[in-house]
Amino acid sequence: LIKLTHIGGGAFESVTGTPNFTNLTKLTYIGDDAFKSVTTTPNFTNLIKLTHIGGGAFESVTGTPNFTNLTNLTYIGRDAFKSVTTTPNFTNLINLTHVGDGAFSSVTDKPNFTNLINLTHIGDSAFQSVTDTPDFTNLTKLAYIGRDAFKSVTTTPNFTNLINLTHGL
């Protein structure tokens, strides 16, 4: 699988068992519904070139998908992790620009996403079930926070440097 660059829409939808992928150093794209309803958590390592996680890609996956080295990820699609209740472990999302509508809508714990320096868009209901304020820092490029994006947060979000925000909050 070392040369794999693209996992298409619905490729592993409803698979029983654990898809494990290691050293996918050339993978750039995970399509819509690619792992939707997989019964055990897929594990990925070394996704250093991944730029796109499609809509519903991990919707209804049992467990928490684990990803490492997502420094080139730019896009997380609509409902990408819908019905996943624990935040996937993402670090160094320095190139992430877009979190789609409902992307993490069922997650209830506090998202810990770091280095969101290029994030411009948080979609409608993206984190609607989160109850504790997310620690998002360096959001200087964020322009859009969608309707009900943080609907269940019970404390005031501490977002600083929102100098480009034109919609939301």
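For the side chain to side chain contact (heavy atoms under 4.5 Å, CB included) test with Phe58, the passing option among Ile30, Ile76, Val38 is Ile30; the others fail. Put simply, the residue from Asp124, Asp32, Asp101 that forms a side chain to side chain donor-acceptor pair (under 3.5 Å) with Arg78 is Asp101.
A perpendicular orientation is assigned to the rings of Phe44 and Phe35, their planes being inclined by more than 60° (bins at 30° and 60°).
One N or O on the side chain of Thr51 and one on the backbone of Thr28 form a donor-acceptor pair closer than 3.5 Å. Under a 3.5 Å cut-off, the side chain of Ser37 and the backbone N or O of Glu13 do not form any donor-acceptor pair. Side chain of Thr166 to backbone of Ala143: a donor-acceptor contact under 3.5 angstrom is found. With hydrogens and angles ignored, the 3.5 Å screen pairs a side-chain donor or acceptor of Thr62 with a backbone N or O of Thr39. In this structure, the side chain of Thr97 does not engage the main chain of Thr120 through any donor-acceptor pair within 3.5 Å.
Closest approach of Ser105 to Ser125, counting heavy atoms only: CB-O, 3.5 Å. When all heavy atoms of Leu73 and His52 are compared, the pair lying nearest together is CD1-N, 3.8 Å. Ala34 and Gly8 make their closest contact through CB-O, 3.7 Å (heavy atoms, listed as atom of the first residue, atom of the second, distance). Closest of all the heavy-atom pairs between Lys3 and Lys26 is CA-CD, 4.2 Å. The minimum heavy-atom distance linking Ala103 with Gly77 is given by the pair CB-O, 3.7 Å. Between Thr25 and Lys49, the shortest heavy-atom contact is O-CG, 3.3 Å.
Taking hydrophobic clusters as Ile, Leu, Val, Met, Phe, Trp and Tyr residues chained together by side-chain heavy-atom distances below 4.5 Å, Tyr29 does not share a cluster with Leu4. The cluster map of Ile, Leu, Val, Met, Phe, Trp and Tyr, joined by side-chain heavy atoms under 4.5 Å apart, puts Leu165 and Leu139 in the same cluster. Under a hydrophobic-cluster definition in which Ile, Leu, Val, Met, Phe, Trp and Tyr are linked whenever side-chain heavy atoms come within less than 4.5 Å, directly or via other members, Ile94 and Leu70 are assigned to different clusters. Using a 4.5 Å cut-off between side-chain heavy atoms of Ile, Leu, Val, Met, Phe, Trp and Tyr, with links allowed through other members, Tyr75 and Ile145 fall into different hydrophobic clusters. Both Leu27 and Val15 belong to a single network of hydrophobic side chains, linked directly or stepwise wherever heavy atoms of I, L, V, M, F, W or Y lie under 4.5 Å apart.
Of the inter-residue distances, the one linking Gln128 atom CD with Ser106 atom OG reads 7.0 Å to the nearest 0.5 angstrom. Of the inter-residue distances, the one linking Leu142 atom CG with Leu119 atom CG reads 5.5 Å to the nearest 0.5 angstrom.
A 4.5 Å side-chain heavy-atom check between Ile122 and Phe127 finds at least one atom pair inside the cut-off. Looking only at side-chain heavy atoms (C-beta outward), Phe104 and Val99 come within less than 4.5 Å of each other.
Between the side chains of Lys141 and Asn118, at least one donor N or O sits under 3.5 Å from an acceptor N or O.
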Between Asp109 and Thr87, is a side chain to side chain donor-acceptor pair (under 3.5 Å) present by the stated rule, with each step listed? CA-CA 7 Å; Asp109 67 331; Thr87 308; 2.7 Å; yes

